[in-house]
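Here's the structure we're looking at; comments come further down.
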2 protein chains.
Amino acid sequence: MNSTEQQSWQSVHDEVLRRIHTRVWKPGDLIPKEVELAEQLGCARATVNRALRELASEGFLDRRRKAGTRVAAHPVRRAKLDIPVIRLEIEGRGQKYAYALLFSERRTPPPEICANLGVTAESDMLHITSLHLADGKPFMFEDRWVSIKATPTILDADLEKISANEWLVLHAPYTRGDIYFSAVNASAAEAKVLRTDPGTSLFLMERTTWENNTGITSARLLFAPGYRKHSAI
Amino acid sequence: MNSTEQQSWQSVHDEVLRRIHTRVWKPGDLIPKEVELAEQLGCARATVNRALRELASEGFLDRRRKAGTRVAAHPVRRAKLDIPVIRLEIEGRGQKYAYALLFSERRTPPPEICANLGVTAESDMLHITSLHLADGKPFMFEDRWVSIKATPTILDADLEKISANEWLVLHAPYTRGDIYFSAVNASAAEAKVLRTDPGTSLFLMERTTWENNTGITSARLLFAPGYRKHSAI
DNA sequence: AGAAATATTATGTACGTACATATTATCTTT
DNA sequence: AAAGATAATATGTACGTACATAATATTTCT
């Protein structure tokens, strides 16, 4: 690289990554400081900074003020998982989406939901179960509790037409959430809804979302057999 | 916000996010352009740019040159999953890590591995199975194929002492990889290794990694019952 | 009117300077 | 020598300017 051509932060990013990959800089190594790299690569420090910042957020570098920048000793790969609305996930596979509301009731929550959302047992909540279908076949079974106090307008939503999943995404934005992925054996009831056999291994996604410190909704999303969640890393 | 105090891109980030959350700007809405926002918030365009860029990468905004910036119509939440070395994951839970090599053999791969890695059936590969334990209990069963052509030094590694998982992370950096998460019923053999019952639902992580277009390794990581993968979103 | 060329515009990025901040290294004091 | 104060330093960030780029809007040409 000569000093005349303009450098993009991407080219710096790629060059640094190349040096990590080719072990010019090994895990744990201290790499040159920003000003030195900028000089080496013929660009401004801001450009190097942007590239290194990106690499740090990707988990390749550890950066600390005054201490400098090191190649991550234990490369933690950060997989980015897109969590779209179920309808879009199904349509993205080129399948036809359908949805059925199974059950909707206003009542007080069971203990595990109280614990998840941090609410009292007397809370006013909406309990909804529904089924999402791809090409007419059961794809995902949704069992959800929504806090009516946090999201009163949910009572006006026509949950026969739009799934709670999608309604909430559009009307109840949240500031933070938890997701847990696990595997469970289908219960008799779950197996029946998903048209499979009891005991079949199912992929489970448990999601709880919050607006500041108010619990909004807690959902149990159970996917039909064969479901795989993909991520490129 | 007055124009004298210095703005940080984070405060701009938070303010824009607040406006999205409070529906000042609704999904699909066009938000003010960078120069206008900068004027409103009393900071430089670069600062607004940084904040909006971040929000776009988080999935809250859609940005296009000339067309402007819109609130994402279908907020795709991007969960960040950390995929550390198994040893660190177990130690991070405060448990004691142990590891046992079960089996290691140099041979040609079966068809599904060839397909995964894009190699021929005559490839020279190392097949390794091992067990990772947390506090003495089976935690994860690893079934891995490693391309000897891509990583010849694996033959010198003492896989009784260091797991292939960890050795590869340190010695065979990759440029890209795939991860699939799913749920499977334990086979008789798998159940025996993980000390559980056949048919038990198990969390499965399938990983394939590449250096440019050369397949390096393909692994099947089967977690003991009760395993949950967490992510904050 | 329709197509092609051109102008316009919002975002994308580079650069240099300035200062903030966290952390380490050094010096001073007791 | 230990503790505390102080200096040094690499990264973190803000700002203004300049230009690049992609997408849209407008004008020109046929």
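Owing to the predicted nature of the structure, the values given are computational and were not obtained by experimental measurement. Order of the sequence lines fixes the chain letters, A, B, ..., with proteins taken first and strands second; residue numbering starts at 1 for each chain.
Atom-to-atom, CG of B:Asp62 to P of D:dA22 comes out at 18 Å; the value is rounded to the nearest Å. The distance from atom CG of A:Leu37 to atom C1' of C:dC15 is 17 Å, rounded to the nearest whole Å. The interatomic distance linking B:Arg50 (CZ) with C:dT11 (P) rounds to 18 Å, in whole Å. One interatomic measurement links the two molecules: CD of B:Gln10 to P of C:dA20, which rounds to 18 Å at whole-angstrom precision. Distance B:Leu41 CG to D:dC15 C1': 15 Å, rounded to the nearest Å. Counting to the nearest Å, the C1' atom of D:dG12 and the CZ atom of A:Arg53 are 9 Å from each other.
For B:Trp210, there are no ring-ring contact (aromatic ring centres under 6.0 Å, His included) partners two or more places apart in sequence or in a different chain. Evaluation of the ring-ring contact (aromatic ring centres under 6.0 Å, His included) rule for B:Tyr99 yields B:His132 as partners, not counting sequence neighbours.
Summarising the local packing, CG of A:Asp156 is surrounded by more than 12 heavy atoms from other residues, nucleotides or ligands at distances under 6.0 Å.
Which of C:dC15, D:dG16, D:dT13 sits closest to the side chain of A:Thr47 comes down to C:dC15.
Judged as a ring pair (Phe, Tyr, Trp, His ring centres under 6.0 Å), not a single pair has a partner in residues 13-55 of chain B (not counting sequence neighbours). Applying the salt bridge (Lys or Arg N to Asp or Glu O under 4.0 Å) test to pairs two or more places apart or on separate chains, those with a residue in residues 204-214 of chain B are A:Arg228-B:Glu206.
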So which protein nitrogen or oxygen atoms get under 3.5 Å of nucleotides 7-11 of chain D's nitrogens or oxygens?
unit_1, atom_1, unit_2, atom_2, d
D:dT9, O4', A:Lys66, NZ, 3.0
D:dA10, OP1, A:Lys33, NZ, 2.8
D:dA10, OP2, A:Lys33, NZ, 3.0
D:dA10, O4', A:Lys66, O, 3.4
D:dA10, N3, A:Lys66, N, 3.3
D:dT11, OP1, A:Thr69, OG1, 3.1
D:dT11, OP2, A:Glu34, N, 2.9
D:dT11, O2, A:Arg65, NE, 3.4

Considering only distance and modelled atom types, tabulate donor-acceptor pairs under 3.5 Å from the side chains of residues 78-89 of chain B, sequence neighbours left out.
unit_1, atom_1, unit_2, atom_2, d
B:Arg78, NE, A:Asp82, OD1, 3.1
B:Arg78, NH1, B:Ser57, O, 3.1
B:Asp82, OD1, A:Arg78, NE, 3.1
B:Arg87, NE, B:Glu166, OE1, 3.0
B:Arg87, NE, B:Glu166, OE2, 2.9
B:Arg87, NH1, B:Glu91, OE1, 3.1
B:Arg87, NH2, B:Glu166, OE2, 2.7
B:Glu89, OE2, B:Tyr227, OH, 2.7

